[in-house]
Amino acid sequence: MYYCIPRTVNEALQTVAEHPAGAFIAGGTDLMILISEGLKKPDGLIDLSRIEDLRAIRKDEKFLILGSAVTMRQLARHEDIPLCLRMGASQVGSPQIRSVATLGGNICNASPCGDTLPGLLVLDAEFLLKSLKEERRVKAKDFFLSPKKTALRTGEILVEVRFPLIKLTGSSGFAKIGQRRGQVISQVNAAVWCTLEKESGVLSDLRIAAGSVAPVPLELTALEEKLLGKVLDDETIEGVRQVAGELIAPITDVRATEEYRRAVMGSLIVDALRSALEASGRWKGGNK
Amino acid sequence: MTGKELRIVGRRVRKVDGIELVTGQAKFTADMKLPGMLYGFARRAGQPAGKLEGVKKDEALKIPGVVDVLTAEDLPGPNLIGVLPPFDQPVLATGDIRYAGESVAFVVAETREAAKRGAAALDVRITEVPPILTVDEALGDGARKIHENGNITFSRKLIKGDADKALAEAPVVVENTYETSFQDHAYLEPETDLAVPGGDGRITVYASCQSPFHLRGLIAANLSVPAGRVKVVQSNTGGSFGGKDDVAVEIGILAAAAALRTGRPVLVAHERGESMVGSNLRHASRITITTGATKEGKIVARKIKIILDGGAYASESPFVVMKALIHAAGPYLIPHVFVESTAVYTNKTYAGAFRGFGVPQVTFASESQMDELAAKLGMNPLTLRKINALRPGDATATGQVFKQSVGLLQAIEILEKERLPEKPEDPSDRYLYGTGHSCMLQGISNGAEGVDVVGATVQVSQDGSALVGLGLTELGQGSRTVYAQIAAEELGIPLETVTVRQVDTDSVHDSGPTVASRSTTVGGMAVLKAAREVKESLLDMAALMLQTDKKEIYFQDGFAILSKNPDARIPLREVATAAYWTGHPLMHLAFSKAPEAKYDHDTHQGSIYIAYNFGAHRMSIRIDRWTGEVRVLEHLAAHDVGKVINPVGLEGQVEGGSLIGYGYAHMEKIEESRGIIRNANFADYAVPSIKDRIPTRTLVVEEANPTGPYGAKGVGEPPVAATAACFANAVSDALGVRFTRLPVTRQDILRALQSGAATHGGDKNG
Amino acid sequence: MKISFRCNGKPMQLEISPETRALDVLRDTLGLTGVKEGCGKGECGACTVLVDGLPVSSCLLPAAKLEGTEVLTIEGLRKPDGSLHPLQQAFLDEGAVQCGFCTPGMIMSAKALLDETPRPQVEDIEEALSGNICRCTGYGKIVQAVMRAAEKSEEGRHDG
C-alpha cells in the first residue's frame with residue numbers, strides 16, 4: 001500500500017489519476033474503521049489533510065469559504081462560523097475525533113446523521129468539486145443522493161464549502177439527541193437559520209433542516225413556509241412540535257424507532273431555534 | 001496509648017497498586033509481547049441455531065501467516081466448560097450451534113490480521129435450524145430441545161409459610177409482572193489471555209480474569225493434563241464485574257491448546273464486538289409478584305415467579321436462579337413467601353455472572369411493587385418500607401435470623417433526614433419531576449452456592465515489610481488496598497511497606513472465586529487471621545528482646561513498643577531479623593471459613609449467607625417531556641457496610657456500581673434481531689459517558705458484622721440493584737405511570753407521555 | 001514508508017506500512033503499552049494520545065499521519081525526575097482509578113484540556129472527557145481529580 005501526502009490539490013488529483021484504486025483520506029476516522037474491518041480495500045491512501053488550501057477558513061467579498069480539510073475542532077472554535085455549523089461540528093463524535101475529522105469527510109461520508117449536514121443545508125452551502133478536467137459547484141441540497149452516496153464523481157475532490165456572507169447576518173442554531181449525552185451518534189438532529197423583523201419578532205426568513213430522519217439530510221420546506229411571517233410564541237412553538245414529525249421520513253434502526261424520531265423532531269427544531277435566538281437575546285419563545 | 005484504636009483501617013488511603021496504573025506501566029495481558037508469539041482469532045457461528053456439518057480448513061491455511069486451525073476434534077480433552085454443573089458448554093462447537101457468538105474454529109497466525117483473515121476464509125457449513133429466541137417459545141409445548149435435558153436450565157422454590165392462603169385472606173393485594181433486558185459488562189479491557197508453553201511440560205496462561213483457579217482447573221481438564229501442569233497468572237485486569245470467568249476459560253483453553261500444538265506463545269485478545277456477542281451477559285428476566293398486605297401496610301405474603309433468560313448455556317444460571325430466589329421478597333419481614341425461580345435456555349448469547357447476580361432484576365420488580373402497594377394504600381412509599389423493614393432478630397425470607405448488622409432501618413432514617421432537593425423555579429411546563437426510593441439486601445459470601453473458604457498468607461521479611469498472598473483477585477475494586485490496610489493495621493507497620501502479590505496459581509491458595517461481595521468480608525478475615533498469627537510470632541520475639549511478657553507489647557508505626565513506657569521501642573525490622581535468625585516463623589497461612597449455609601433444599605429455609613448488605617436509595621430526577629431526556633438531580637445511596645475499611649474505595653464502589661445500575665435502568669439495551677446482536681459496539685450500546693454521570697452521594701451505616709474483619713461487609717454489588725430500582729420508581733413517580741420494563745429509555749418515556757399512558761405531563765394533543 | 005516524528009520528546013524514525021494504526025506503532029514498535037486498545041473504533045478513548053497537543057484516538061489514526069508530529073503518550077507525562085504529573089498524582093489521590101484501563105487515555109484527554117484551559121469548570125471537564133468511557137468509577141472522582149490537578153498546577157505556577 002502506498003501513502004501520498006500531496007501538498008496541492010492538483011498534485012492530489014494527479015495522484016488519483018495515476019492510482020484510480022487509491023482512496024482519499026482526510027481525518028480518516030471513518031475510513032480507518034472500514035479498512036480495518038476489510039470493508040474497503042484501497043491500494044493506497046492519498047492524504048488531503050496537509051494541503052494548506054484545504055485547511056483554510058477565509059472570506060471573500062461574497063462568501064465565507066471553508067476548506068474541506070478544516071477539522072471539526074477548528075469549525076467548533078471559529079467565531080466567524082454560524083452557530084448551526086459550529087454547534088453541529090462541536091458534537092461530532094468525541095473530542096479525539098474532532099481533532100482530526102474534517103468537514104469534507106463529514107460531507108463525503110454522507111451519513112444521514114452527519115451533524116454538520118443540516119447546518120450546511122440551511123446555510124445554502126455550495127461545494128466546489130474539482131477534477132483534472134473540470135471544476136463544478138454543487139449545492140448542498142443536490143449533493144446528497146442516498147445514505148453514503150453523493151454527487152461526487154470518481155477522480156473528483158471536494159475542495160471547498162462556501163456560503164453567502166449574507167447568511168452571517170441571520171441567526172442560526174442546532175440541536176441533536178442521541179442515546180446518551182457524550183460522544184453520541186444523532187438519533188435526530190436539526191439546524192435552523194432565520195432572520196426576525198426587528199420590532200415585531202416576526203420570522204422574515206427561515207430555513208430548517210434535519211438529519212437522521214430520511215435517507216439524506218432533509219430540508220423541511222413545508223414547515224418553513226408555515227412559520228414565515230409568524231412570531232415564535234408558545235402557540236407557534238407548540239404547533240412546530242405537533243406537525244414536524246409528519247414532515248419527515250424516518251426509519252426504525254438500532255439507534256431509535258421511527259416513532260421516536262417523529263416524536264422529537266419538532267422539539268429539536270424548537271431547541272435549535274432557541275439556541276439561534278437565545279444568544280442574541282431574541283428568543284421570545286415565552287416559557288418554552 | 002495502647003495501640004488498640006484503628007490507625008489504618010477506616011482511613012482514606014490511596015490505591016496501593018495505583019502508581020503503575022496512572023503512569024501506564026501496569027502490564028495488562030495484551031501488553032505482553034513474547035518472541036514467536038502467535039495471535040488467535042475465533043470463527044463464530046454467525047447464526048443462532050443450527051447443525052454444524054463441518055469445517056474445512058484449507059482456505060484458511062492458504063492465507064499467508066496462518067499457522068494452524070483448531071476445530072473441536074483438535075482439542076485434547078473433553079471440550080467442555082462451565083463454572084458449575086451442568087457443564088454444558090463446548091469450547092468449540094461440535095454438533096449443535098446454540099448461539100450466534102459460538103466459536104466453531106480457532107485460527108492462529110503470525111499477526112492478528114492474518115488470524116482474522118484466516119477465520120473469515122474458513123469454509124464453515126451450518127444447516128440452519130429455526131432459533132428459539134424467547135423464554136415462552138423455549139417453554140412451549142413441543143419446543144425443540146436446545147440441550148438434551150430440555151430447555152429448563154435450573155429451577156428452585158422457596159417456601160415459607162403458606163403464601164396462597166395468606167394472599168387469599170389479605171385485605172389488600174397488588175400484582176404485576178416486570179421485565180428486564182440483558183446487560184453487557186462493558187469493562188474497558190476486552191477479554192484477553194496469553195498462553196506460553198514452558199520447556200518443562202507445563203503451560204503458563206496470563207489472563208485477564210476474575211477466578212484464576214477456575215481457569216487452571218478447566219484448562220488442565222481440557223488439555224487432559226493434571227491441574228498442576230497449568231499455571232495461571234492473573235495479569236492486571238481491566239474490569240470484570242463478574243464477566244471474566246467463563247469467557248476467560250474459553251479463550252484460555254483455546255490459547256493453551258494452540259500453544260501446545262505450535263510450541264509458541266498464543267495471544268487471544270477479544271475485540272469489543274466479540275466481547276459483547278461472545279461472552280456472558282446479565283440475565284434478562286420476567287418476574288411476576290403478588291403482594292398481600294393489611295390495610296395498615298404490613299405485608300403478610302408475597303408470591304413470586306421468576307423466569308430468567310439464560311441464553312444458550314448454563315454458565316452461572318443455577319446460582320443466579322438461587323440468588324434471585326433468595327432475594328426476591330426484598331429486605332422485609334414477611335411471614336408467608338413463595339418464590340419459584342427458573343432459568344431457561346434460548347438461542348442467544350449466554351447469561352451468567354454480572355455484578356448483582358440476579359438481585360438487580362428482582363429488586364427492580366420487588367421495589368416497583370412496593371411503590372404500587374404504597375399507592376394503593378395511600379401511604380408514603382418510604383413509610384411502607386420502614387414498617388416492613390427487617391430489623392435485628394427478624395427472620396428473612398429463608399427464615400434466617402440475624403441478631404446484629406441489620407442496618408436497613410438506619411439507612412432509611414438517613415434518607416428521611418435528608419431534605420428533598422428543591423424543585424427549581426420552572427415557569428414552563430416542559431419538565432416533570434419525580435423522586436423514587438428503593439430498599440434492598442444483598443447476601444455476602446458464597447452462601448447457598450457452596451462452602452466459603454479463603455486461604456491467605458502473610459509473610460514478614462527481615463526488613464519488617466510484609467507480603468500478603470491470597471487467591472482473590474484485584475479487578476479494580478480495590479481489594480488489594482483493603483488487604484494491605486488490614487495487614488498493616490494488624491502488624492503495626494506503615495501501609496507502604498505492605499505488598500499484596502499478584503495472583504498466580506502456583507503461589508497462592510485457591511480462595512474460591514472473586515464474587516459475591518466476599519473479598520473484603522471473607523478474604524479480609526483470612527488476611528487478618530494470618531497477620532495475627534505472624535504477629536504472635538513476632539510478639540514472642542519482641543518479648544524476648546524487651547524482656548517482658550508479650551501482653552505488654554504492641555506494634556505501631558513499625559515499632560514494637562512497651563505499653564507502660566512507649567519510649568522503650570525496637571524497630572520491627574530488628575524484631576523480624578532476630579525472629580528470622582532464631583527460627584520464629586515469619587509466614588503464616590490462615591483460613592477464613594464462613595459459617596456454612598444450612599438449609600432445606602426444597603424450601604430454601606435455613607441459614608444461607610454470613611451477612612447481608614442492606615441499602616436504601618433515593619433518586620430525584622427531572623424529565624424533559626419533549627424528548628424524554630432525564631437529569632438526575634440527586635442520588636442518595638445509603639448502605640449498611642458494617643465497617644468502612646477505606647472510605648475512598650467504598651465511595652468508588654458505590655458511585656461506580658450506581659452508574660452501572662443507572663445504565664441498566666435507563667440506557668443500556670442489547671438490540672437483537674433474529675438472534676443476532678445488532679449493537680455490539682460502544683456507539684450503539686449506550687454505556688454512560690461522563691456527561692451521563694449521576695450525582696451519587698454515599699451514605700454509610702456501620703452496624704458491625706461479626707463475621708467480617710473489624711465488622712466489615714462487602715459493598716461491591718448492592719448499589720447496582722438499588723440504583724436501578726429507585727430510578728424506575730422516580731420515573732414512574734414523575735410520569736404517574738408504572739413502568740414495568742427495564743430499561744426505561746428516553747424513547748419509552750416519550751412513548752408513555754404521548755400515548756396518554758402518563759397521568760402527569762402527557763401531550764394532550766399527541 | 002519511512003516516517004519521522006517526535007515521541008515523548010525523543011526523535012523517532014520508523015519504517016511502517018501506511019495503513020498500520022498509530023496505536024499499533026506506539027504499542028508494538030515503540031513498546032508504549034500505556035496506550036490501550038478498548039474498542040478499536042474510536043468509541044472508548046482508551047487509546048488517546050496527544051498529537052501536536054491535541055487529543056486523538058490512535059486506533060483511528062494511520063501511522064503515516066504521525067509524520068512530522070510531536071506525540072505525547074502517558075509514558076511521557078512523568079517529570080524528568082520521575083515524579084508524577086499533577087494529573088497522575090490527583091487521579092491517585094482522589095481515587096479516580098479503579099481497574100486503570102481507561103486511566104492513561106483519560107489522563108491524556110485531561111492534559112489536553114488543562115493545557116488549553118488551566119482553570120476548567122465542571123462542564124469543561126465533562127466536555128473534554130466525553131470521549132473517554134470509564135466503567136468502574138462512575139466518573140465523579142475523575143472530575144474531582146482533574147479539578148484538583150488544575151488547582152495544584154495553578155498553585156505551582158504562583159509558587160514557582
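Computed from heavy atoms alone, side chains included, the values below leave out hydrogens, waters and symmetry copies. Quick note on labels: first sequence line is chain A, next is B, and so on, each numbered from 1. Keep in mind that what you see is a predicted model, and the values were worked out from it rather than measured.
- The candidate with the highest count of non-hydrogen atom pairs below 4.5 Å against chain C, out of Gly44(A), Pro95(A), Pro42(A), is Pro95(A).
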(request) For side chain to side chain contact (heavy atoms under 4.5 Å, CB included), just list the numbers for Met32(A) and Lys65(C), CA-CA rounded to whole Å, side-chain angles, deciding distance to a tenth of an Å, and then say yes or no. (result) CA-CA 12 Å; Met32(A) 284 300 281; Lys65(C) 279 184 174 284; over 6 Å; no

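- Contact annotation for Ser57(C): both backbone and side-chain heavy atoms come within less than 4.5 Å of a heavy atom of chain A.
- Defined by atom type and a distance below 3.5 Å, a donor-acceptor pair is present between the side-chain atoms of Asn132(C) and Gln96(A).
- Interface residue Ile133(C): only side-chain heavy atoms are found under 4.5 Å from chain A.
- Arg181(A) places no side-chain N or O within 3.5 Å of a backbone atom of Ser130(C) that could act as its donor or acceptor partner.
- Applying the 6.0 Å contact sphere to CD of Gln121(C) captures no more than 12 heavy atoms from other residues, nucleotides or ligands.
- Most heavy-atom pairs under 4.5 Å with chain A, from the set Arg21(C), Met1(C), Glu43(C): that is Glu43(C).
- Your options are Pro62(C), Gly40(C), Ala64(C), and the one with the most heavy-atom pairs under 4.5 Å with chain A is Pro62(C).
- Scanning all heavy atoms of the two residues, the minimum distance from Ser99(A) to Pro55(C) falls at OG-O, 2.6 Å.
- Under a 3.5 Å cut-off, the side chain of Gln183(A) and the backbone N or O of Gly42(C) do form a donor-acceptor pair.
- More than 12 non-hydrogen atoms from other residues, nucleotides or ligands lie less than 6.0 angstrom from NZ of Lys148(A).
- The interface of residues 93-113 of chain C with chain A, defined by heavy-atom distances below 4.5 Å, comprises Ser109(C).
- For the options Gly27(A), Ser36(A), Gly28(A), Gly93(A), heavy-atom pairs under 4.5 Å to chain C are most numerous at Gly27(A).
- Neither the backbone nor the side chain of Cys39(C) comes within less than 4.5 Å of any heavy atom of chain A.
- The minimum heavy-atom distance between Pro18(C) and Met1(A), with the atom names listed, is CG-O, 3.3 Å.
- No part of Glu126(C) comes within reach of chain A, as not one of its non-hydrogen atoms sits under 4.5 angstrom from that chain.
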